[in-house]
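What follows is one structure encoded as structure tokens, with my remarks underneath.
In this text, all values refer to a predicted model and were calculated from it rather than measured experimentally. By convention in this document, chain letters (A, B, ...) are assigned in the order of the sequence lines, proteins followed by strands, and residues within each chain are numbered from 1.
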Protein chains: 2
Amino acid sequence: MQLTSSRPVHVPGPEDVVVPGQEDVPVLERELRSFFRRLRQWQRGADRVGLELDEHTFGVLSTVHDRGPSRLQDLAADLGLDASTVSRHVTALERCGLLTRVPDPDDRRARRVILTADGSAAWSRDREARRELVRRALSRWPADDRRRLTSLLTQLNAELATLLTEPEKEPA
Amino acid sequence: MQLTSSRPVHVPGPEDVVVPGQEDVPVLERELRSFFRRLRQWQRGADRVGLELDEHTFGVLSTVHDRGPSRLQDLAADLGLDASTVSRHVTALERCGLLTRVPDPDDRRARRVILTADGSAAWSRDREARRELVRRALSRWPADDRRRLTSLLTQLNAELATLLTEPEKEPA
DNA sequence: TATTGTTATACTCTATAACTATA
DNA sequence: TATAGTTATAGAGTATAACAATA
């Protein structure tokens with residue numbers, strides 16, 4: 001814990017809690033944070049990597065596509081955001097002509113958010129561009145490693161989703 | 001691409017670009033975004049999962065710990081943030097008593113950021129708490145799967161770091 | 001009385017630009 | 001003239017609270 005240390009990679013010291021069989025956990029914790037920081041960094045400059053839609057726009061459009069005509073609160077729940085926040089996003093995207101709000105036949109308080117033709121086309125283009133970025137990023141990887149990462153990440157997301165609905169909570 | 005679709009998981013349609021041997025890439029792209037959204041969501045409520053330090057504070061403290069007495073620009077580079085942004089964080093953390101700025105003997109324009117005893121102790125406690133969260137989150141996983149995830153995530157971060165210094169760019 | 005959605009407000013994080021002190 | 005760091009400012013994203021319309 002000394003201040004003058006200059007080790008760039010973590011080396012277990014006497015102060016570390018060592019759990020037998022879980023020696024990789026300290027590395028995993030570090031790599032998870034590193035990964036998150038990197039994703040956030042790149043997300044900020046989405047246009048600089050050839051994407052036409054920023055992260056929030058793509059997220060909203062994807063959710064509407066997956067859900068079909070959607071109520072605001074359902075979108076908010078799927079996105080993990082407050083309804084007021086999503087309302088702002090939707091308003092902005094409606095001004096851009098990417099989606100529109102139609103009356104909800106079942107509830108006159110609500111409206112249903114749907115994609116416009118432009119929104120659907122832009123989403124489709126961007127989705128393919130994002131997949132191509134992933135392909136290029138991992139172009140030097142063995143296909144098996146990439147598939148294993150896909151599988152583990154899918155399981156991890158499922159695990160985290162489960163934890164959210166349980167008495168326990170999660171990492172950052 | 002029809003608006004009335006309500007498939008929650010992506011099913012390849014006729015509009016999808018299919019790359020032989022890379023059929024998992026669409027899933028990977030989706031899971032990467034899902035993962036990022038989840039991490040961001042939990043990061044916002046760091047205190048609600050038992051952490052005393054928020055993500056930025058922990059990031060700055062970790063970087064200072066790893067680097068030792070650090071110049072502001074070096075911290076900013078490591079964190080992927082602008083120097084002005086880090087300057088604000090450091091000022092706030094100095095007010096909290098978690099770190100302090102001392103003169104740089106080599107350059108009177110600069111100062112070196114170092115951890116205080118309180119900062120070092122808080123960082124150490126929080127680091128262990130974060131590792132424990134990871135342990136609990138994956139407590140139901142086979143140890144081999146967890147180790148493989150650690151390994152693949154480490155490789156992925158290295159790959160992404162390499163891409164940053166090359167003519168190509170990256171995902172979001 | 002409760003719920004859906006919107007808006008007013010405030011707070012945080014971020015970068016750009018202007019500034020100072022030193023190199 | 002260039003660089004290290006700070007601060008003023010502005011913009012984006014977020015949540016809370018107050019509101020209107022409907023259930």
Quiz prompt | Close approaches to DNA chain C from residues 89-103 of chain A, in residue order (heavy atom, under 4.0 Å) | solution = Arg101(A)

Quiz prompt | Partner set under side-chain contact (heavy atoms from CB on, under 4.5 Å) for Asp74(B), not counting sequence neighbours | solution = Arg67(B), Arg71(B)

Quiz item: If two hydrophobic side chains count as joined below 4.5 Å and joins carry through other members, does Trp123(B) share a cluster with Leu79(B)?
Solution: yes

Self-check item: Contact residues, residues 75-87 of chain A to DNA chain C [heavy atom, < 4.0 Å]
Solution: Ser84(A), Ser87(A)

Practice problem: Taking heavy atoms of chain A and a 4.0 Å limit, find me the 5'-most and 3'-most nucleotide of DNA chain D within that range. | Solution: dG13(D) to dA23(D)

Practice problem: Whole angstrom is fine here: how far is it from NE2 in His56(B) over to P in dT12(C)? | Solution: 12 Å

Quiz item: Looking only at atom types and distance, does a side-chain atom of Thr116(A) sit under 3.5 Å from a main-chain N or O of Leu98(A), one as donor and one as acceptor?
Solution: yes

Practice problem: Could you list the residues that satisfy side-chain contact (heavy atoms from CB on, under 4.5 Å) with Glu132(B), not counting sequence neighbours? | Solution: Arg135(B), Arg136(B)

Self-check item: Residues which pass side-chain contact (heavy atoms from CB on, under 4.5 Å) with Ser84(B), listed by chain and number, not counting sequence neighbours
Solution: Asp82(B)

Quiz item: Do the side-chain N or O atoms of Arg111(A) get closer than 4.0 angstrom to the phosphate oxygens (OP1, OP2) of dT6(C)?
Solution: yes

Quiz item: Between Asp74(A) (CG) and dT3(C) (P), how many Å, whole number?
Solution: 15 Å

Quiz item: Under 4.0 Å between a Lys/Arg side-chain N and an Asp/Glu carboxylate O for Arg130(B) and Asp126(B)?
Solution: yes

